[in-house]
There are 2 protein chains.
Amino acid sequence: MVRPRQYVREEVIDKALNLFWRLGYEGAHLAALVEHTGLNRFSLYKEFGGKAGLYEASLDRFVGFLLEQYRGVLTRQPPGLENIEAALRSLEYGSEYYGCFMLNTLAQKDSAPPAAVERALAAAAEIETLYRDNLVGAVARGQVDKTADLQALGKLLQTLDQGLHMQGLAGTSDAQKDAAIAAAMALLHHAAP
Amino acid sequence: MVRPRQYVREEVIDKALNLFWRLGYEGAHLAALVEHTGLNRFSLYKEFGGKAGLYEASLDRFVGFLLEQYRGVLTRQPPGLENIEAALRSLEYGSEYYGCFMLNTLAQKDSAPPAAVERALAAAAEIETLYRDNLVGAVARGQVDKTADLQALGKLLQTLDQGLHMQGLAGTSDAQKDAAIAAAMALLHHAAP
DNA sequence: CCTGTTTCAGAACGATTGGTGAATAACCCG
DNA sequence: CGGGTTATTCACCAATCGTTCTGAAACAGG
């Protein structure tokens with residue numbers, strides 16, 4: 001009884017995400033979004049409410065994948081340094097890298113939709129928790145000294161994590177990032193009791 | 001014999017830098033730049049050639065201060081871990097923080113002026129070198145093991161450095177960053193031979 | 001084959017963008 | 001106290017922004 005839509009919501013979000021990722025919120029003009037997603041302007045507004053809504057949907061999708069990936073690695077049993085190292089290594093992508101979309105959103109916190117910024121912050125907080133959980137496990141298994149400040153070490157790991165994303169933006173090769181991660185893990189192992 | 005200009009070039013750049021810093025390249029509209037700097041549109045074009053030129057001048061000014069600060073800390077004699085820790089701690093700013101303007105530029109590499117992006121990359125490379133020089137000194141003084149991969153450790157320090165800037169964007173308090181830095185330095189000291 | 005409902009394609013909207021010109025005002029030197 | 005030069009003011013430009021509207025197209029049920 002009605003004309004069927006010619007688009008799949010998730011596919012549209014994927015393509016929009018790709019454009020927002022590369023160009024940022026303001027850089028991704030509506031005309032480019034329309035062309036790149038294949039979705040016409042009218043349907044875009046009906047489906048997402050506007051540019052900001054489409055950005056939020058894109059971030060949600062990215063954050064969903066991101067947290068899924070982090071959880072997949074950082075909830076392996078038993079928790080410990082192995083998981084942490086695996087998580088840091090999983091951050092590496094190809095040569096064409098536009099940074100972590102979540103962090104990019106934070107870097108544009110004055111132009112990106114406020115709702116998106118909030119969700120990015122929430123995701124960052126969860127990732128930090130995941131890292132710390134594995135530190136707790138590392139202590140339990142004797143991989144890290146009992147007297148260590150896990151709050152501080154967790155922040156350190158997240159800082160390293162986020163720094164690796166920036167390294168990607170700066171064009172650092174995966175091999176160099178690998179070496180930096182290896183150095184960090186070596187230090188952590190040396191700190192064992 | 002001529003009408004004297006009513007503005008001071010450096011002051012204008014400072015104010016433009018402040019706006020670009022908060023709003024990004026595209027977010028800082030020309031009207032806002034004109035209002036915030038006090039410089040009229042026409043003179044802005046005559047002096048800087050346009051919005052892109054003003055952005056490059058802003059970045060140059062920022063990078064100048066930034067490198068001056070890094071050099072000031074990281075070229076103290078003797079080179080070693082003390083300088084490195086001091087440099088990491090010097091990254092902290094107040095609560096209202098918009099990230100490192102150099103890194104923000106990299107995060108907008110597809111919308112910011114290409115010349116600015118290049119200069120940001122060059123500055124990042126120099127900072128990494130400064131860190132590594134102190135690692136060399138640390139090895140010479142026996143603070144770090146001779147067999148350590150200084151290339152990798154240097155990358156690690158820069159990664160930490162850049163991650164701290166992102167932590168600032170994410171609203172992490174100075175105290176938490178302090179703790180993370182302390183944890184990192186403790187690890188480095190434990191790695192001593 | 002209509003009819004009702006929804007999507008689609010594209011034009012058009014007012015507002016705002018970065019950039020420019022033409023006229024006015026300010027100054028120093030002679 | 002003008003004259004010549006430069007900065008400033010202010011209006012304007014074409015282009016583009018995000019958003020909205022209009023009319024045609026595509027289906028399912030009667």
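It should be emphasised that the depicted structure is a prediction, and the values quoted were computed from it without experimental measurement. Computed over heavy atoms, backbone and side chain alike; hydrogens, waters and symmetry mates excluded.
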Taking NZ, NE, NH1 and NH2 as the nitrogens, is one of them in B:Glu82 or B:Arg76 under 4.0 Å from a carboxylate oxygen of the other?
->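 No salt bridge links B:Glu82 with B:Arg76.
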Between [X] and [Y], is there a donor-acceptor pair closer than 3.5 Å when you use the side chain of the first and the backbone of the second?
X: B:Arg141; Y: B:Pro79; answer: yes
X: B:Thr172; Y: B:Gly168; answer: no
X: B:Gln176; Y: B:Ser173; answer: yes
X: A:His36; Y: A:Ala32; answer: no

Rounded to whole Å, please give me the gap between [atom1] in [X] and [atom2] in [N].
X: A:Glu26; N: C:dT16; atom1: CD; atom2: C1'; value: 12 Å
X: B:Asn40; N: C:dG21; atom1: CG; atom2: P; value: 15 Å
X: B:His29; N: D:dC17; atom1: NE2; atom2: P; value: 13 Å
X: B:Leu54; N: C:dG19; atom1: CG; atom2: C1'; value: 14 Å
X: A:Phe48; N: C:dT7; atom1: CZ; atom2: P; value: 13 Å
X: A:Tyr25; N: D:dC17; atom1: OH; atom2: P; value: 13 Å
X: A:Glu35; N: C:dC8; atom1: CD; atom2: C1'; value: 17 Å

Nucleotides 19-22 of chain D: which of its N/O atoms have a protein N/O under 3.5 Å away?
residue	atom	partner	partner atom	Å
D:dT19	OP2	A:Tyr45	OH	2.3
D:dT19	OP2	A:Lys51	N	3.2
D:dT19	O5'	A:Tyr45	OH	2.7
D:dT19	O4	A:Arg41	NE	2.6
D:dT19	O4	A:Arg41	NH2	3.3

Which is it for A:Glu85 and A:Arg89 under the salt bridge (charged side-chain N to carboxylate O under 4.0 Å, His left out) test, yes or no, and what are the steps along the way?
-> CA-CA 6 Å; A:Glu85 178 166 5; A:Arg89 289 197 189 280; 2.9 Å; yes
Between atom CG of A:Asn134 and atom OG1 of A:Thr75, what is the distance when rounded to the nearest 0.5 Å?
->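 Nearest 0.5 Å value for the CG-OG1 distance: 8.5 Å.
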Mind checking whether B:Tyr55 and B:Phe101 have parallel, tilted or perpendicular rings, split at 30° and 60°?
->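 Ring orientation of B:Tyr55 relative to B:Phe101: tilted.
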OP1 or OP2 of C:dT6 under 4.0 Å from side-chain N/O of A:Lys46 |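 It does not, given that no N or O in the side chain of A:Lys46 lies less than 4.0 Å from OP1 or OP2 of C:dT6.
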So which nucleotide from D:dA7, C:dA9, C:dT7 ends up closest to the side chain of A:Ser43?
->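 Closest nucleotide among those given: C:dT7.
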Any residue of residues 7-15 of chain B with a heavy atom less than 4.0 Å from an atom of DNA chain C =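 Within residues 7-15 of chain B, no residue comes under 4.0 Å of DNA chain C.
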More than 12 heavy atoms of other residues, nucleotides or ligands under 6.0 Å from CD of A:Glu10: is that the case?
->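 12 or below, so no.
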